[in-house]
Structure formats: structure tokens, C-alpha cells
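Below is one structure, written out as C-alpha cells; comments come after it.
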Amino acid sequence: MASSMKFLCVLGLILLVGTAVDGAGECGKSTPDNEAMKLAPCVGAAQDANAAVPGGCCSQIRRFSQNPKCLCAVLLSDTAKASGVQPEVALTIPKRCNFANRPVGYKCGAYTLP
């Protein structure tokens, strides 16, 4: 009886660890850094609040607007920072793309989505 209980505990631990490793993060199974690579068309607009936002950038950002957790994680990622993205400027992109259903007021770290 003790050995079968031990087996069940070990099996439960393996399943728990496997779920944690394979579980979805802010952006599903992709990392925010990987998703940030897809936002190359947005770099200029994420560095200068007065720069026009290219259509390709708006297309990419639209995918993230439905998932504000992922959008925040991407815009605050190490990859975005290394690209010179300014979070306070980058977070204005959904508004600058004129998305009506953007997550207005969503807290993104120290920033709030306008």
C-alpha cells in the first residue's frame, strides 16, 4: 500500500512539473521575446510618439490587442528594450492605430494603456 501511494505521489509530481513546463505563459506557448521579434515594423513608432505607425505594425499589434497580458509582456520584453523601444511610447501604438477595442486603462507594469 505504501509503495502504491509513493508511486501516485511521484506520478502526480511528474504531471505537475510537466504541466508547468509545457503550460501557457502570457503569450500562449510562445515567449514574449519571440513575439517581440514579429514587431520589427513597429520599432520606429515605438521610439517616437510622433512617428507614423506603419500598417504592418498595426496588423501585428492587432493580434496582441485581444490579449493585453501578452501585449504588455511583449512591449516590456528584453528584446523590445534591446531594440530601443520606449514602453511609454510603445503602449500608445494601439491608440495610434485607431483600434476601437483596445484595452484602455489596462495596467502594464508601471504604465497604463491609453
Nearest heavy atoms of Gln66 and Asn101, plus distance in Å: NE2-ND2, 2.8 Å
Pairs meeting criterion salt bridge (charged side-chain N to carboxylate O under 4.0 Å, His left out) with involvement of residues 82-100, two or more places apart: none
Separation of Leu91 CG from Arg102 CZ (nearest 0.5 Å): 12.0 Å
Donor-acceptor contacts under 3.5 Å from residues 36-51 side chains, at least two apart:
unit_1: Lys38; atom_1: NZ; unit_2: Glu35; atom_2: OE1; d: 3.3
unit_1: Lys38; atom_1: NZ; unit_2: Glu35; atom_2: OE2; d: 3.0
unit_1: Gln47; atom_1: NE2; unit_2: Ser83; atom_2: O; d: 2.9
unit_1: Asp48; atom_1: OD1; unit_2: Asn50; atom_2: N; d: 2.9

Pairing residues for Asn98 by the side chain to side chain contact (heavy atoms under 4.5 Å, CB included) criterion, not counting sequence neighbours: none
Connected via hydrophobic side-chain network under 4.5 Å: Val85 and Ile93: no
Qualifying residues under side-chain hydrogen bond (donor to acceptor under 3.5 Å, both in side chains), relative to Asn34, sequence neighbours excluded: Thr31
Donor-acceptor pairs under 3.5 angstrom involving side-chain atoms of residues 106-114: please list them, not counting sequence neighbours.
unit_1: Lys107; atom_1: NZ; unit_2: Thr112; atom_2: OG1; d: 3.1

Report, one line per pair, each donor and acceptor closer than 3.5 Å where one atom sits in a side chain of residues 52-61; sequence neighbours left out.
unit_1: Ser59; atom_1: OG; unit_2: Gly55; atom_2: O; d: 3.1
unit_1: Gln60; atom_1: OE1; unit_2: Arg63; atom_2: NE; d: 3.2
unit_1: Gln60; atom_1: OE1; unit_2: Arg63; atom_2: NH2; d: 3.4

Side-chain (Asn67) to main-chain (Glu26) donor-acceptor, under 3.5 angstrom: yes
